[in-house]
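See below for the structure under consideration.
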Amino acid sequence: MGFVPDESFQEVTRGAVTIDTEEELQKKWQASKDRQQPLRIKLGVDPTNPQLHVGHAVPLRKMRQFQDAGHQAVLIIGDYTACVGDPSGRDKTRPTLTHDQVRENAETYLQQAWKILDKDRTELCWNGDWFREMSFLDVIALCGRTTVARQLERDDFQKRFSGGLPINLHEFIYPLMQAWDSVKVRADVELGGTDQTFNLLLGRDLMRQEGLEAQVCMTLPLLVGTDGSRKMSKTYGNSIGITDSPEEIFGKTMSIPDEAMRDYFTLATDLSLSEIEEKLALNPRECKGFLARTLVRLYHDEAAAEAAEQHFVQVFSKGGIPDDIEEYAVQGDLLEDGKVWIVKLVVEAGLSSSNNEARRNVQAGGVRLDDLRVDDADARVELSDGMVLRVGKRKFRKLKLV
RNA sequence: GGGGGUGUGCCCGAGUGGUUAAAGGGGCUUGGCUGUAACCCAAGUGCGUAAGCUACGUUGGUUCGAAUCCAACCGCCCCCA
């Protein structure tokens with residue numbers, strides 16, 4: 001049968017690294033059209049971290065594209081799987097969370113996810129709903145559906161095993177749980193990062209074992225972090241949070257390496273492919289500025305995007321000070337003869353975490369009062385109301401005398 | 001159950017009795033450079049105004065002196081069963 005991919009099919013497959021298998025997806029797509037029945041698109045998320053970043057947003061955006069093409073989004077909150085911890089791509093066992101923590105995280109997670117997904121057209125499930133019901137015997141039966149050899153084929157376990165690092169038994173169960181989710185929700189397509197390949201494919205096996213039509217697995221690239229090398233992750237400190245302030249999103253985006261811009265455009269924004277090419281043809285600074293504005297607009301709005309850019313130009317390009325600075329009310333007992341020890345001031349204002357650190361900052365020439373460098377760590381300085389204290393390029397406090 | 005290893009600062013990792021607050025790297029901070037909060041370069045990086053204090057899994061010992069030796073305990077890894 002000659003499948004003619006329509007525009008939304010192209011949109012929905014764009015950016016995918018692998019589709020297992022594309023033929024099956026075409027078939028499902030066509031059947032869905034013929035029968036007027038939307039495909040069920042599954043995305044499972046473990047709310048291990050309440051802070052979503054633009055890397056997490058990649059599969060969510062993909063899900064949104066499916067929604068826009070008229071398909072049924074099935075978002076699974078892994079309240080049980082989060083308690084196990086996904087071993088994918090990890091070189092050590094994930095710390096497990098308590099169920100209460102997970103429920104709490106899930107709350108904030110969802111709030112953020114609805115910035116991307118269309119809430120009214122999303123079917124929301126908690127996998128605890130079915131795992132809670134299972135008896136120990138059921139669990140054992142589930143474990144019997146795969147083998148140790150298959151588990152050890154995985155590159156991450158392989159590495160840990162040969163490197164003498166621990167693999168806890170419960171980590172073997174994780175993929176089975178995720179695969180079982182697919183059975184329970186009768187997924188037609190499951191989305192995930194490339195690191196999810198193993199888990200995704202196991203879903204196909206279990207579905208077949210259950211006599212269901214196997215899901216299609218679509219893997220998406222992992223977005224690199226702001227360092228341009230490792231995948232975006234909060235623990236690497238290279239992430240851009242979708243709840244970050246406009247200034248932060250803008251600044252962090254400006255700090256990505258030029259080579260990463262294409263990935264960011266294709267994976268993290270909703271620009272069309274031709275628009276992306278157009279922007280990439282600009283000079284790198286303008287292009288990156290556009291990218292930064294686009295990201296801010298996505299998670300805040302147009303006005304915020306403009307303000308963030310102005311802030312960036314003001315503070316970093318011109319080295320000036322921003323308009324709205326957090327105030328610090330100088331405590332009276334810091335003053336001796338109307339003067340204050342610079343080190344103490346920096347610490348009390350919350351710009352350094354210890355006296356020694358503050359002293360270092362001063363000695364390195366990173367501390368300024370109203371643009372005047374203070375580089376003597378013993379200095380006692382006179383203050384006036386409204387003075388701006390600055391540490392490094394990006395930490396400011398407006399001093400308020402009481 | 002038997003045997004062998006191992007546990008160091010935010011992370012990785014050197015260090016087997018004394019100038020060790022502890023090499024080296026990563027990270028981070030500050031400075032310089034820059035279109036950039038990137039790259040690169042440089043410096044710094046336990047706490048304390050200071051005297052000094054705290055730190056090498058835990059506890060207790062040996063010693064003038066221990067991250068370094070001993071004992072027990074706790075955690076982890078490997079091999080054999």
Side-chain angles (χ1 to χ4, degrees), chain A residues 54 90-93 95 157 159-169 171 224-230 232-241 244-264 279-280 282-293 295-296 308-322 333-336 339-348 350-368 371-381 389-396:
Chain A
V54 302
R90 306 272 305 184
D91 57 4
K92 55 174 78 150
T93 306
F157 281 168
K159 269 195 207 134
R160 280 208 241 163
F161 194 67
S162 56
L165 293 166
I167 301 169
N168 288 99
L169 205 50
E171 297 184 78
V224 291
T226 52
D227 56 10
S229 51
R230 293 181 296 179
M232 185 175 288
S233 157
K234 202 174 175 195
T235 48
Y236 295 152
N238 63 0
S239 65
I240 303 176
D244 280 353
S245 70
E247 290 77 21
E248 274 178 308
I249 294 180
F250 197 96
K252 286 177 178 177
T253 306
M254 288 307 281
S255 80
I256 67 170
D258 292 354
E259 313 77 67
M261 287 197 286
R262 179 180 294 274
D263 277 354
Y264 272 70
K279 296 304 173 191
L280 285 170
L282 298 171
N283 80 54
R285 198 206 55 220
E286 267 179 63
C287 179
K288 207 180 284 179
F290 183 82
L291 174 63
R293 275 203 305 280
L295 285 174
V296 177
E309 178 161 38
Q310 274 175 13
H311 175 271
F312 185 85
V313 170
Q314 171 74 10
V315 175
F316 299 109
S317 304
K318 297 191 183 148
I321 53 179
D333 53 6
L334 285 180
L335 298 169
E336 292 167 32
K339 293 185 174 181
V340 59
W341 180 30
I342 186 68
V343 166
K344 207 76 198 164
L345 179 67
V346 168
V347 173
E348 290 298 321
L351 301 183
S352 292
S353 57
S354 74
N355 288 4
N356 282 348
E357 184 181 306
R359 189 175 296 117
R360 279 181 232 124
N361 287 150
V362 171
Q363 280 160 354
V367 174
R368 273 168 247 233
D371 268 346
L372 262 180
R373 191 169 267 178
V374 181
D375 55 7
D376 174 7
D378 290 324
R380 315 278 146 163
V381 293
L389 174 68
R390 174 178 198 169
V391 176
K393 279 185 245 183
R394 41 203 281 223
K395 288 181 285 186
F396 304 90

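We use all heavy atoms of the structure for the numbers below, so side chains are in, but hydrogens, waters and symmetry mates are not. Every chain is numbered from 1, with letters handed out A, B, ... down the list of sequences.
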Contacts under 3.5 Å, N or O only, protein and nucleotides 49-54 of chain B:
residue	atom	partner	partner atom	Å
B/rU49	OP1	A/N355	ND2	3.1
B/rU49	OP2	A/N355	ND2	2.0

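Mapping A/P284 and A/N361 onto RNA chain B by nearest heavy atom places A/N361 at the nucleotide closer to the 5' end. Both A/S353 and A/E247 sit near RNA chain B, but only A/E247 has its closest nucleotide nearer the 5' end.
Of the listed residues (A/D258, A/T253, A/N283), just one forms a side-chain hydrogen bond (donor to acceptor under 3.5 Å, both in side chains) with A/K288, and that residue is A/D258.
When each of B/rG48, B/rG35, B/rA37 is scored by its nearest atom to the side-chain atoms of A/R285, the top-ranked nucleotide is B/rG35. Taking the side chain of A/K395 as heavy atoms from C-beta on, and the options B/rA37, B/rU30, B/rC47, the nearest nucleotide is B/rU30.
If you take atom P in B/rU16 and the same atom in B/rU62, they sit 24 Å apart, rounded to whole Å. Rounded to whole Å, the P atom of B/rG60 lies 33 Å from the corresponding atom of B/rG24. The same atom, P, is picked in B/rC47 and in B/rC39; the two are 25 Å apart, to the nearest Å. Distance check on atom C1': B/rC10 versus B/rG46 gives 12 Å, rounded to whole Å. Atom C1' of B/rA37 sits at a distance of 13 Å from the matching atom of B/rU30, rounded to the whole Å. For the C1' atom pair drawn from B/rC56 and B/rC11, the interatomic distance equals 15 Å after rounding to whole Å.
Nucleic acid contact for A/R230: none, since no nucleic acid atom lies under 4.0 Å from a heavy atom of the residue. Residue contacts shown for A/E357 are absent, as no nucleic acid heavy atom lies under 4.0 Å away. Residue-level contact check: A/R394 touches the bases, meaning some heavy atom is under 4.0 Å from a base atom. Here A/R368 lies in heavy-atom contact (under 4.0 Å) with sugar-phosphate atoms only. A/G251 comes within 4.0 angstrom of a base, heavy atoms only.
A distance of 14.5 Å separates CZ of A/R262 from NZ of A/K279, quoted to the nearest 0.5 Å.
Residue A/S354 has a polar side-chain atom (N or O) positioned under 4.0 Å from OP1 or OP2 of B/rG48.
Here B/rU45 sits opposite B/rG27 as a Watson-Crick or G-U wobble pair (both hydrogen-bonding atom distances under 3.5 Å). With a 3.5 Å ceiling on both atom-pair distances, B/rU16 lacks any Watson-Crick or G-U wobble partner. With a cut-off of 3.5 Å on both pairing distances, B/rC39 has no Watson-Crick or G-U wobble partner at all. The pairing partner recorded for B/rG7 is B/rC74, the criterion being a Watson-Crick or G-U wobble arrangement whose two distances lie under 3.5 angstrom. The partner of B/rG1 is B/rC80, judged by Watson-Crick or G-U wobble contacts that both fall below 3.5 Å. In a base pair of the Watson-Crick type (N1 to N3 plus N6-O4 or O6-N4) or a G-U wobble (N1-O2 and O6-N3), with each distance short of 3.5 Å, B/rC69 is matched with B/rG61.
Between A/A358 and A/V343, the closest heavy-atom pair is CB-O, 3.8 Å.
For the residue pair A/T226/A/N238, the side-chain donor-acceptor check at 3.5 Å is not satisfied.
The base of B/rG35 is paired with the side chain of A/D258 by a donor and an acceptor separated by under 3.5 Å.
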